[in-house]
Every structure is written in C-alpha cells, then in structure tokens.
Amino acid sequence: ATDAAGHVAQTTRTVTLDRPPTLVFTSPQADAVLSGSVEVMGLATDDLGLEQSVVLSLDGQPAGQAGLEATGNPDSQEFTKTWDTTTATYGDHVWTAEVADSAGHKATATLKVKVDQPLRFDVWLCNASWQSCEPPPVDWTPEFTGTMYLKAVGEDDNAAVTQVELLVDGKSVASKAAASWQGSWDSTTVQDGEHELSLQVTTDLPQSKTVAFSVKVNNCDLDHDGH
C-alpha cells in the first residue's frame with residue numbers, strides 16, 4: 001500500500017494449500033466373486049501427510065483398522081486387510097474405508113463384492129459300526145480285501161445338492177438323491193488288481209465335484225492270511 005507522501009508498506013503472508021486426501025480400493029476388483037482367504041487392499045494419497053491407519057467397516061459394522069505402509073510415491077501409502085470370507089454369508093458385501101490427513105480432512109471409499117464359497121464335498125472311510133471314520137488315502141495305494149464302508153456329505157451355499165454317487169473304475173455302482181450318502185462296497189465284485197473308487201456330488205446348477213482314490217484288491221486273501 002502507498003500513502004499520500006509516497007511511502008510504501010507491504011505485508012507478506014505464507015499460505016499452505018492442503019488438498020483433501022484421496023482413497024481407493026485396489027484389490028479385489030469391484031463385484032468380484034470371492035471365497036476363502038482374501039487380501040483387501042487400498043491406496044491413500046495426500047500431499048501433507050496421513051494418519052497412521054485406515055478405519056474399516058464391513059456391511060456397516062466396524063471391521064478394525066489397517067496400518068498404512070509406505071510406497072514408492074512419498075504422497076501415497078497402502079493398506080492391506082486379510083478377510084476370511086468363510087465367516088461371511090453367501091451374497092453381496094460392502095467394505096468401507098476412511099482415512100484422515102494431518103489437517104483432519106477425510107476421504108472414504110467403498111467396495112462391493114460377492115461371497116460364494118465353492119462346492120464342498122467330504123468323504124470318509126469308516127469301520128463297520130460307523131463310529132470311526134477317516135479321509136481316504138492320498139498319494140498312496142493301500143491293499144484292500146472285503147467290505148469297505150464309505151460316507152460322503154456335500155454342501156453348497158448357492159445350490160441344492162441333488163445326488164451323491166459311488167463309481168468304481170468309472171462305472172456307477174450306487175447313488176442317492178440327497179446331500180449325503182453312506183454305504184458299503186464289496187471288493188469281490190471286481191477282479192484282483194488296482195481299482196479307482198470315486199465319489200461324486202452333483203448340484204442343481206448343475207455343478208459337480210469328485211473325490212477319487214485307488215486301492216489294490218487282493219480277493220485271494222479274504223481270510224487275511226497273506227496268501
């Protein structure tokens with residue numbers, strides 16, 4: 001400013017411009033179909049500095065916090081939250097994240113995904129009383145003679161299990177129009193040697209899942225004397 005005598009006065013003021021932060025989810029993609037354990041990830045950006053963590057919620061309920069980690073960009077930080085989707089119901093779910101900068105400005109982001117666990121199918125070999133059961137052999141072929149007792153149960157979040165079927169060497173030998181089945185198989189119905197037993201579950205979508213294993217049949221040793 002200048003007065004009548006021509007004197008000049010000036011004032012200098014420093015102003016810091018603070019843009020609000022930005023926040024985005026980077027993984028998984030929106031509307032992704034998820035199952036099992038999933039890493040929910042995002043990126044927060046601010047020119048002056050961010051708080052130390054992101055506040056998360058799932059379907060409107062608090063879901064804890066995720067710490068912010070440095071990236072190659074000094075203005076950006078990333079976060080990761082591990083989510084066990086088996087604890088969630090089938091269908092759509094919405095994640096919400098919120099972050100604040102050092103000036104208190106906030107940013108939020110949302111992510112909608114769908115949880116759909118794969119068709120589950122469990123098979124057990126049991127004793128004759130059905131009181132003791134264990135999974136079938138994996139990566140090895142046991143010798144077997146006599147009667148085998150089997151139990152199988154299928155489950156799916158988004159479909160009705162319509163049938164459980166037992167196949168021997170690819171040929172159906174027993175089936176039941178239900179989500180579970182238990183029954184027996186007699187080794188004397190096949191010749192000695194290696195055979196594949198498989199149990200298959202089917203839903204109304206339709207989709208199916210098979211559990212298969214091999215046994216080495218020795219019907220000559222029905223009396224279990226080793227000959």
Side-chain angles (χ1 to χ4, degrees), residues 27-29 32-40 80-91 93 113-227:
S27 182
Q29 295 183 344
V33 179
L34 309 176
S35 63
S37 181
V38 176
E39 299 292 320
V40 178
T80 301
K81 178 76 171 182
T82 301
W83 181 28
D84 180 7
T85 66
T86 62
T87 63
T89 58
Y90 164 81
H93 295 273
V113 294
K114 183 176 183 179
V115 170
D116 186 6
Q117 305 300 337
L119 172 61
R120 298 176 294 281
F121 189 42
D122 295 310
V123 173
W124 299 274
L125 305 184
C126 305
N127 60 10
S129 65
W130 303 100
Q131 298 301 309
S132 177
C133 300
E134 59 184 26
V138 178
D139 299 329
W140 65 290
T141 303
E143 283 201 2
F144 181 79
T145 302
T147 302
M148 180 180 293
Y149 300 89
L150 304 106
K151 182 164 64 173
V153 177
E155 293 181 281
D156 191 274
D157 295 332
N158 191 35
V161 178
T162 56
Q163 179 177 274
V164 178
E165 184 176 21
L166 171 65
L167 300 96
V168 178
D169 298 327
K171 297 180 180 179
S172 178
V173 296
S175 65
K176 183 179 180 181
S180 62
W181 173 86
Q182 69 179 43
S184 60
W185 173 69
D186 184 355
S187 71
T188 62
T189 59
V190 297
Q191 295 181 342
D192 287 358
E194 189 169 319
H195 298 272
E196 182 183 78
L197 278 69
S198 56
L199 284 126
Q200 183 178 81
V201 63
T202 306
T203 72
D204 60 356
L205 282 182
Q207 60 179 333
S208 63
K209 187 173 184 179
T210 301
V211 174
F213 61 98
S214 296
V215 294
K216 189 176 295 182
V217 172
N218 182 14
N219 289 318
C220 295
D221 192 25
L222 284 174
D223 57 2
H224 304 286
D225 62 358
H227 301 288

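Just so we're clear, the structure is a prediction, and the values are computed from it rather than from any experiment.
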For this session: Report yes or no: does Gln207 contribute a side-chain atom to a donor-acceptor pair with the main-chain N or O of Leu205 at less than 3.5 Å?
Result: no

Problem set entry | Side chains of Arg120 and Asp157 in contact at under 4.5 Å (non-hydrogen atoms) | yes

For this session: State, yes or no, whether a side-chain contact exists between Val138 and Phe213 at a heavy-atom distance under 4.5 Å.
Result: no

Exercise. In Å and rounded to the nearest 0.5 Å, what is the CE to OG1 distance from Met148 to Thr145?
Worked result: 10.0 Å

Exercise. When you measure from the side chain of Gln117 to the backbone N and O of Thr85, does any donor-acceptor pair fall under 3.5 Å?
Worked result: yes

Problem set entry | For Tyr90 against Val115, the heavy-atom pair lying closest together | CD1-O, 3.2 Å

Problem set entry | Sidechain-backbone polar pair: Asp169 side chain, Glu196 backbone, donor-acceptor under 3.5 Å | yes

For this session: Show the numbers, then the answer: is there a side chain to side chain contact (heavy atoms under 4.5 Å, CB included) between Leu167 and Glu165?
Result: CA-CA 6 Å; Leu167 300 96; Glu165 184 176 21; 4.0 Å; yes

Exercise. Does the side chain of Trp181 reach to within under 4.5 Å of the side chain of Val201, using non-hydrogen atoms?
Worked result: no

For this session: Measure the CD-CG distance between Gln182 and Leu150 for me, rounded to the nearest 0.5 Å.
Result: 10.0 Å

Seminar exercise, completed: Closest non-hydrogen atoms of Cys133 and Trp124, given as atom of the first, atom of the second and distance, are CB-CB, 3.8 Å

Problem set entry | Under 3.5 Å donor-acceptor, Ser187 side chain and Gly146 backbone | yes

Exercise. Do Phe121 and Glu155 touch side chain to side chain, with heavy atoms closer than 4.5 Å?
Worked result: no

Exercise. Going through the distances and angles, do Asn127 and Tyr149 end up as a side chain to side chain contact (heavy atoms under 4.5 Å, CB included)?
Worked result: CA-CA 6 Å; Asn127 60 10; Tyr149 300 89; over 6 Å; no

Exercise. Between Glu39 and Thr82, does a side-chain hydrogen bond (donor to acceptor under 3.5 Å, both in side chains) hold up when you go through it step by step?
Worked result: CA-CA 5 Å; Glu39 299 292 320; Thr82 301; 2.9 Å; yes

For this session: Could you pull out the closest heavy-atom pair between Val164 and Leu199, with the gap in Å?
Result: CG1-CD2, 4.4 Å

Problem set entry | Heavy-atom pair with the smallest gap, counting every atom of Val215 and Leu197 | CG2-CD1, 3.8 Å

For this session: Please check if the side chain of Asp116 supplies one atom and the backbone of Val33 the other of a donor-acceptor pair under 3.5 Å.
Result: no

Exercise. Considering residues at least two apart in sequence or located in another chain, which fulfil the side-chain hydrogen bond (donor to acceptor under 3.5 Å, both in side chains) criterion with Gln200?
Worked result: Thr210

Exercise. Does Asn219 reach the main-chain N or O of Val190 with its side chain, forming a donor-acceptor pair under 3.5 Å?
Worked result: yes

For this session: Over 60° means perpendicular and under 30° means parallel, so classify the ring planes of Trp83 and His93, tilted if in between.
Result: perpendicular

Seminar exercise, completed: Taking every heavy atom of Ser184 against every heavy atom of Thr147, the minimum-distance pair comes out as CB-CG2, 3.7 Å

Seminar exercise, completed: In terms of heavy-atom contacts, Ser214 and Pro137 come closest through O-CG, 4.4 Å

Exercise. In terms of side-chain heavy atoms, does Gln163 have a donor or acceptor partner in Thr202 at a distance below 3.5 Å?
Worked result: no

